[in-house]
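To start, the structure itself, in structure tokens.
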Amino acid sequence: MRPDTSAPVRLEDYRAPAYRISTVHLDIRLAPRSAKVRARLALERASDTAPGTPLVLDGDDLRLTALSLDGRVLADGDYTVAPDRLEIVSPPTGPFTLEIETTLDPDANTKLMGLYRSNGTYCTQCEAEGFRRITYFLDRPDCLAVYTTRIEARVGEAPVLLGNGNPVESGPVPGTDRHYAIWHDPHPKPAYLFAMVAGDLACVSDSFRTCEGRDVALNIYVEHGNEGACDWAMDSLKRSMRWDEEVFGRAYDLDVFNIVAVSDFNMGAMENKGLNIFNDKYVLARPETATDQDYAGIETVIAHEYFHNWTGNRITCRDWFQLCLKEGLTVFRDQEFSADMRSRAVKRIADVRLLKSHQFPEDAGPLAHPVRPRLYHEINNFYTATVYEKGAEVVRMLKCLIGDEAFRAGMDLYFRRHDGEATTIEAFLACFQEASGLDLEQFALWYEQAGTPVLKVDSVYEKEAGRLTLTFRQQLAPSPKQPDKKPMHIPVRIGLMGENGEELAPAAITGADTTGDVLHIRTPVQTVVFSGLTERPVPSLLRGFSAPVSLKSDLNESDLLFLAANDKDPFNRWEALQSVVMTALIAATAGAARQEAVTVSPALIAAFAANVADESLEPAFRALCLQLPGEADIAREIGHDVDPDAVHAARTAFRRAIADDIAPTIRATYEAMRDEAEFSPDARSAGRRALRNTLLDYLGHGSDPAGNLLVQTHFDASDNMTDRFAALSVLTHAALPGRDAALAAYEERYRAVPLAMDKWFMVQATAPASSTLERVRQLTDHPAFSAGNPNRVRALIGAFASGNQSQFNRADGSGFDFVADFARDLDRRNPQAAARMMSAFRSWRALEPGRRAHAEAALRRLAAETDLSVDMRDIVERCLQ
Ligand code: PHE
Ligand code: ZN
């Protein structure tokens with residue numbers, strides 16, 4: 001807890017620490033209700049700190065049980081202590097040693113920050129400010145120290161003892177039932193990268209030889225019984241290590257790399273130096289319990305945490321405002337890795353879908369903030385889609401603007417120049433400016449200005465002159481605390497498609513700088529002329545989604561459908577079709593509000609049919625083309641006075657119309673995608689399942705009873721989780737007759753597999769039925785549910801709040817009240833999880849007036865509570881601003 005919880009932290013107030021800590025020796029003696037932590041810190045006054053300046057260390061909920069300085073116990077007047085602060089009134093002017101003993105209760109730690117227990121295993125989570133819940137410290141990322149950790153526990157309770165770095169020594173504690181291990185991490189690091197684990201865990205081992213010739217022991221620790229579910233994670237780890245060497249020239253730098261999977265974890269995983277701790281959801285996979293999506297998620301998160309070793313650990317952040325320095329860059333790196341492991345086009349589409357569904361709404365509402373925020377009340381609330389996903393887009397744009405070679409040169413320079421430092425976005429950008437010679441001052445606004453720019457494009461073709469003129473107009477709406485915006489430097493990758501599907505090359509381009517096929521758009525209105533054309537082209541704009549903007553072009557339905565069928569850029573083929581579909585769905589929503597029947601244009605039906613049957617395209621890509629924008633996506637595009645019931649009705653009718661109009665094609669392709677071979681999680685097989693299961697969704701939602709029946713058959717015949725869960729979802733969401741029996745059969749099969757039960761909770765929580773809220777309420781009493789476990793909470797309540805547009809946003813407001821009440825209770829136990837849940841309210845102002853009033857009332861009710869956590873209050877108050 002910060003002393004004055006209402007005072008925000010501001011970027012401009014950054015000051016280097018007054019004291020430095022060079023080494024940290026920790027001695028941690030574990031016991032369930034009482035863990036003793038002795039920290040010996042080697043401290044030194046910074047050269048620009050006046051002698052006698054008090055030393056102030058951070059704490060959070062700590063109990064000090066001993067304190068000495070240079071071996072002498074401190075007298076009362078020499079220090080002041082509180083749970084959140086330890087001050088040494090007048091430290092020595094030269095180097096000195098401070099020894100601090102704190103006593104913790106890991107079992108009572110329900111926040112899952114600091115030292116806690118998960119299913120009996122002791123583990124830690126220190127990012128962002130959890131180390132101060134273990135000992136008093138300069139808990140800030142620019143305080144880099146070398147750590148040595150001794151861990152001691154009862155042998156029976158914790159045969160496995162793990163720390164950061166390399167193992168040094170271990171053995172029994174003579175005359176006791178206890179043992180110890182000492183770990184040493186030679187790489188200076190900030191406290192947020194500290195970790196230790198102690199428990200009775202099984203281990204799966206492998207090894208890796210780096211390009212520098214270092215043999216690294218790789219270990220994945222899991223609860224006993226899960227050893228058989230680690231192969232995919234291990235394989236992903238080895239591929240990540242090789243890829244980082246080949247693509248970024250980065251090799252691993254310790255003799256061991258340990259991963260521990262725990263079942264209670266607030267986030268996805270954590271990149272602690274040499275000792276990554278994972279939410280078990282991102283480690284454990286068997287065909288029987290994990291979907292293809294889970295496999296892909298594991299591959300991504302394993303890579304992400306591994307890549308942090310260079311982007312985050314070797315080079316870390318100066319302060320938490322620079323969070324995107326490590327997160328945006330590392331997401332970019334894991335996206336590129338997955339693109340290389342799988343289909344680049346499919347990966348790009350998946351990433352853009354995620355960006356649009358999570359980041360765009362954030363950027364359009366009251367929780368909007370810059371990729372690099374300037375102010376926070378609670379840093380935990382800034383692990384957002386904006387910092388992560390938009391942060392990755394900014395790095396991608398940089399690469400697009402300066403080209404691949406200069407980008408690699410800039411990365412090399414960054415690693416060379418800043419290795420071992422805690423640095424800033426400015427320092428990062430300077431490397432690319434130097435490597436490319438491009439002035440990045442305007443580009444840097446992507447880190448400063450919140451909101452999604454709208455980019456309008458109008459086109460004029462003059463036949464006689466053979467000239468295409470594109471007029472770009474960029475607009476960036478005001479966002480919280482940013483009323484006026486400056487124009488951005490936007491990379492627009494472009495191609496000109498000729499009538500017969502060939503790319504046209506203009507003789508000249510004027511009005512914009514270019515890097516290859518990328519236009520640099522920099523002014524509010526910018527006119528770009530393409531001359532020397534022999535026919536009217538259809539411009540393919542923003543290829544590969546070259547900038548995170550909302551593109552509004554004047555292309556009509558026939559131009560877009562032409563691109564959907566012919567564009568050389570697969571991303572834009574997908575995007576063109578989506579944009580036609582979106583326009584149609586918005587019109588259908590308006591129609592549904594007037595009780596009109598939904599019709600789908602013949603041209604659009606034909607485009608769908610062509611796609612389903614087009615065997616020249618990879619199945620995973622076809623699957624993405626056939627997936628309609630979600631209800632939240634449609635709501636986002638409508639933008640104001642949204643009626644979620646109308647959106648739901650329109651989308652449902654639209655899907656049914658397509659299902660019915662091209663039923664034979666859907667059926668035939670569904671059959672053709674059947675795989676007889678044994679399950680394999682590789683991208684090709686997963687793509688076939690994705691297409692087949694997407695078609696199953698149409699079959700289940702069409703009017704033909706025979707098509708509906710296939711869903712039951714699919715469920716009964718499934719021999720892997722991907723197919724089983726796909727069928728269960730359709731049965732449940734389409735409310736088909738076999739639904740209850742299927743849910744019961746699934747529950748019976750998986751009742752002892754928590755991660756599989758999460759899917760069962762989720763599928764029910766996202767059903768668009770009016771009975772769903774009542775069902776979710778009942779399920780909170782289910783034996784497999786636990787309000788203390790973040791995965792369970794996210795699967796049931798989180799999925800209802802963020803994944804069920806029509807029922808969370810119920811017209812009577814009961815969905816809002818339920819989630820607000822749940823979050824209120826959760827806040828007492830786990831503020832971080834509660835605050836995250838409340839972010840489901842971020843788009844409340846875009847609702848129609850009745851629902852808006854209910855949402856506001858629920859938020860105001862919470863805001864009136866006097867004992868909200870800082871986390872929760874921050875989200876609730878920003879939502880209301
Ligand atoms: N740094 C982690 C990651 O992105 C995320 C995280 C943040 C985990 C805070 C725990 C706590 O890889
Ligand atoms: Zn990360």
Side-chain angles (χ1 to χ4, degrees), residues 60 109 111-116 118 123-134 139-141 164 189-195 197 233 236-237 240 244 257 259-283 297-317 320-338 351 354 358-359 371 373 376 378-392 394-395 422 790-791 794 830-836 871:
D60 178 1
N109 184 352
K111 293 186 178 176
L112 314 185
M113 284 291 273
L115 174 65
Y116 65 96
S118 173
C123 63
T124 56
Q125 171 53 45
C126 292
E127 187 177 5
E129 298 179 335
F131 194 69
R132 62 183 66 184
R133 293 169 57 78
I134 297 174
D139 190 6
R140 43 188 291 166
N164 302 103
K189 64 166 176 287
Y192 83 85
L193 291 174
F194 167 81
V197 170
S236 302
L237 174 60
S240 307
D244 210 16
F257 188 77
I259 289 177
V260 181
V262 300
S263 47
D264 300 86
F265 200 76
N266 276 334
M267 309 282 274
M270 181 62 211
E271 70 265 24
N272 318 300
K273 185 78 186 190
L275 178 54
N276 286 190
I277 297 181
F278 273 62
N279 185 324
D280 57 5
K281 169 181 163 60
Y282 290 109
V283 173
I298 290 168
E299 182 178 80
T300 293
V301 178
I302 292 267
H304 179 97
E305 305 311 329
Y306 174 73
F307 296 156
H308 267 316
N309 191 53
W310 274 94
T311 50
N313 302 4
R314 291 286 288 247
I315 305 182
T316 193
C317 303
W320 290 119
F321 295 101
Q322 321 293 331
L323 183 57
C324 64
L325 178 71
K326 73 178 178 81
E327 295 305 347
L329 177 56
T330 305
V331 170
F332 169 77
R333 277 152 52 70
D334 83 52
Q335 290 175 345
E336 286 296 292
F337 167 73
S338 298
D351 290 341
L354 185 82
H358 287 77
Q359 200 279 325
V371 172
Y376 61 77
E378 174 50 68
I379 188 58
N380 285 334
N381 288 340
F382 284 84
Y383 288 79
T384 59
T386 297
V387 169
Y388 276 66
E389 267 69 42
K390 190 175 178 182
V394 177
V395 177
N791 288 358
R794 240 192 311 267
N830 187 336
Q832 213 177 321
R836 184 152 301 232
D871 308 54

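FYI, the numbering just counts along the sequence from 1. Counting starts at 1 for both ligands and their atoms, in listed order.
For the pair Tyr383 and Tyr388, the minimum side-chain heavy-atom distance is below 4.5 Å. The side-chain heavy atoms of Leu354 and Glu389, taken from C-beta on, include a pair separated by under 4.5 Å. Here the side chains of Phe337 and Arg333 are not in contact, with every heavy-atom distance at 4.5 Å or above. Between Asn313 and Glu271, some side-chain heavy-atom pair lies under the 4.5 Å cut-off.
Every protein residue with a heavy atom nearer than 4.0 Å to ligand 1 is included here: Gln125, Glu127, Met267, Ala269, Met270, Glu271, His304, Glu305, His308, Lys326, Glu327, Tyr383, Tyr388.
Minimum heavy-atom separation, Cys317 to Leu323: SG-CA, 4.2 Å.
Listed by chain and number, the residues in a side-chain hydrogen bond (donor to acceptor under 3.5 Å, both in side chains) with Thr330 are His308, Thr311 (sequence neighbours excluded).
For Glu327, the N, O or S atom with the smallest separation from the Zn ion (ligand 2) is OE1.
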